[in-house]
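To keep things clear, I will list the structure first and then write my remarks on it.
One-based numbering, in listed order, for ligands and for the atoms of each. Each residue takes its place number in the sequence, starting with 1.
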Amino acid sequence: MIEEEFDAIVVGAGMSGNAAAYTMASQGLTVLQLERGEYPGSKNVQGAIMYADMLEQIIPDFRDDAPLERHLVEQRFWVMDDTSHTGMQYRSDDFNEAKPNRYTIIRAQFDKWFSRKVRQAGATVLCETTVTELVRSASGKVIGVRTDRAGGPIYADVVVLAEGVNGLLGTRAGLRKMPKPESVALAVKEMHFLPDEVIEQRFGLQGDEGCVIEAAGTISRSMAGLAFLYTNKESISLGIGCLVSDFAQTMESPYVLLDNFKNHASIRPLIAGSEVKEYSAHLIPEGGYKAIPQLFGDGWVAVGDAAQLNNAIHREGSNLAMTSGRIAGEAIIEIKGRNQPMIRRNLALYKTMLDKSFVVKDLMKYKDMPALIHTNSRNFFMTYPQLMSQAAQNFMRVDGTPKIEKEKATTAAFIKARSRWGLISDVVRLALAWR
Ligand SMILES: Cc1cc2nc3c(=O)[nH]c(=O)nc-3n(C[C@H](O)[C@H](O)[C@H](O)COP(=O)(O)OP(=O)(O)OC[C@H]3O[C@@H](n4cnc5c(N)ncnc54)[C@H](O)[C@@H]3O)c2cc1C
């Protein structure tokens, strides 16, 4: 198919692969990017909030032509039980700035745009091409790839694995282990279409302003999980995800959870009358710092979801993907500039640079959080949401009960549900994991 030898082959045209390919191609490296989808983005699923700062570091003027939906001026965090939500809400006119910080996007459109930039930077991009195998030298160094297209192997000094969370290629090659069921969430998502003026009216938005809701509680039926609702221009993305290990244990169905979320009294009016046009399901790496596999070796580096770089606590993934892709590209450029071979010792530069970035620092900060949440999911996703709702309702309902008795009833309900020591231990463990 292609006889040439490249400086770098990038496997995958998602956020991380595009960031890596763009970074290297724009600095003059010969780059081949291979994507199994019909077009970049055709296979990719995201909520999707895109974090501008990380894209700006790659393409500073992206706002000129990137397909952006709404810039976010409001975020709602909800703790839900079956009939209520207890919320925290932040909205600021400061987010109506010249260069907004977060946007909703639709990945199928966004990835196509990003890929166009990659081509314009000089990379060769081939879609409908699945990389089936990594090619190695006698010493074990990765020296190229084989694909499902006719023809022999394609060679490169270095292969960037940007193949997403499943990472089948890296796993098959023995470069990493299959992610564990307790380290990945399965998320399902729907796109609900509504006229833009209806969305603006329902969420109190003007023009391109956007609002997002992130919700946890009894909607995930005591599994560790999160639901979301994001406003696009003329659609609402809505979804829910829980750990694969929890789904396996409880035998709950993701579709049922999504239906319950959509039919919740707090959500139903927001999507009323919408037309559902798209449905998708995808995995999300949620193991945090402790689940990060080996990131580099002789002739290869792993970036983005393929390297499990996802901050589930802050619900960030695409920005870690773009940043790790960019940093991998920069490390490769630097090694090439020194005329050094792309061997493990030199590619360690990628890890050194990544360790200094927010990507690893953030994941390190919350390294104990995934285990804490996952092993206490019943308390965090069932018991406490129910107690919070009871406490709020007790506080608000005016029924002649003296306030002192109401306060005692609330305290008694918490102690009955978790005991004094249970409560203290939950607070201490949460504080320790958060510190
Ligand atoms: C439901 C959901 C909601 C999310 N919401 C958000 C959000 O709001 N904000 C956020 O920042 N992150 C979010 N994320 C996470 C975010 O989507 C990921 O972190 C991000 O897409 C990772 O980018 P990536 O390039 O590493 O992987 P991907 O985007 O998955 O790209 C991998 C690419 O590799 C290709 N590929 C795989 N194997 C091969 C092969 N063998 N040969 C050729 N090509 C191959 C795939 O087709 C794909 O195009 C969400 C994820 C999900 C599932």
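With salt bridges taken as basic N to acidic carboxylate O contacts below 4.0 Å, one links Glu209 and Arg91. A salt bridge links Arg315 to Glu214: one of the charged nitrogens lies within less than 4.0 Å of a carboxylate oxygen.
Of all protein heavy atoms, the one lying nearest to atom 15 (C) of ligand 1 is Asn310 ND2, 3.8 Å. With hydrogens left out, the protein atom closest to atom 32 (C) of ligand 1 is Ala162 O, 3.4 Å, a heavy atom. Closest to atom 37 (C) of ligand 1 among all protein heavy atoms lies Glu163 O, 3.1 Å. Summary of contacts: the protein heavy atom closest to atom 10 (C) of ligand 1 is Gln46 NE2, 3.2 Å. When hydrogens are left out, the protein atom nearest atom 8 (O) of ligand 1 is Ile49 N, 2.8 Å; that is the closest non-hydrogen contact. Here the protein heavy atom with the shortest distance to atom 41 (N) of ligand 1 is Val131 O, 3.0 Å. When only non-hydrogen protein atoms are considered, atom 4 (C) of ligand 1 lies nearest to Gly47 N, 3.1 Å. With respect to atom 20 (C) of ligand 1, the closest heavy atom belonging to the protein is Arg107 NH1, 3.8 Å.
For a threshold of 3.5 Å applied to N or O pairs, the pair formed by Gly317 and ligand 1 contains at least one separation below that value. For a threshold of 3.5 Å applied to N or O pairs, the pair formed by Glu35 and ligand 1 contains at least one separation below that value. The shortest N or O to N or O distance between Ser318 and ligand 1 is under 3.5 Å. Backbone and side-chain nitrogen or oxygen atoms of Leu283 are examined, and none is located within less than 3.5 angstrom of a nitrogen or oxygen of ligand 1. Taking distance alone, with nitrogen or oxygen atoms compared against 3.5 Å, Arg36 approaches ligand 1 more closely than that limit. Taking any N or O of His282, backbone or side chain, none lies under 3.5 Å from an N or O belonging to ligand 1. Note: no N/O pair closer than 3.5 Å links Ala321 and ligand 1 by distance alone.
Around atom 19 (O) of ligand 1, the closest heavy atom drawn from Asp305, Val188, Val184, Val212 belongs to Asp305.
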Pairs under 3.5 angstrom only: tabulate donor-acceptor contacts from the side chains of residues 241-250 to other protein residues two or more places apart or in another chain.
from: Asp246; atom 1: OD2; to: Ala224; atom 2: N; distance (Å): 3.0
from: Thr250; atom 1: OG1; to: Asp246; atom 2: O; distance (Å): 2.8
from: Thr250; atom 1: OG1; to: Glu252; atom 2: N; distance (Å): 3.3

Compile the donor-acceptor pairs under 3.5 Å between side chains in residues 292-309 and protein atoms, sequence neighbours left out, one pair per line.
from: Gln294; atom 1: NE2; to: Phe296; atom 2: O; distance (Å): 2.8
from: Asp298; atom 1: OD1; to: Arg344; atom 2: N; distance (Å): 2.6
from: Gln308; atom 1: NE2; to: Asp305; atom 2: O; distance (Å): 3.2

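Counting heavy atoms from C-beta outward, Val212 and Arg76 have side chains that stay 4.5 Å or more apart.
Side-chain contact, Asn101 with Glu97: no donor N or O sits under 3.5 Å from an acceptor N or O. Side chain to side chain, Gln340 and Arg345 fail the donor-acceptor criterion of an N or O pair below 3.5 Å.
When each atom of ligand 1 is checked for a heavy atom of Gly164 under 4.0 Å away, the hits are 27 (O), 30 (O), 32 (C).
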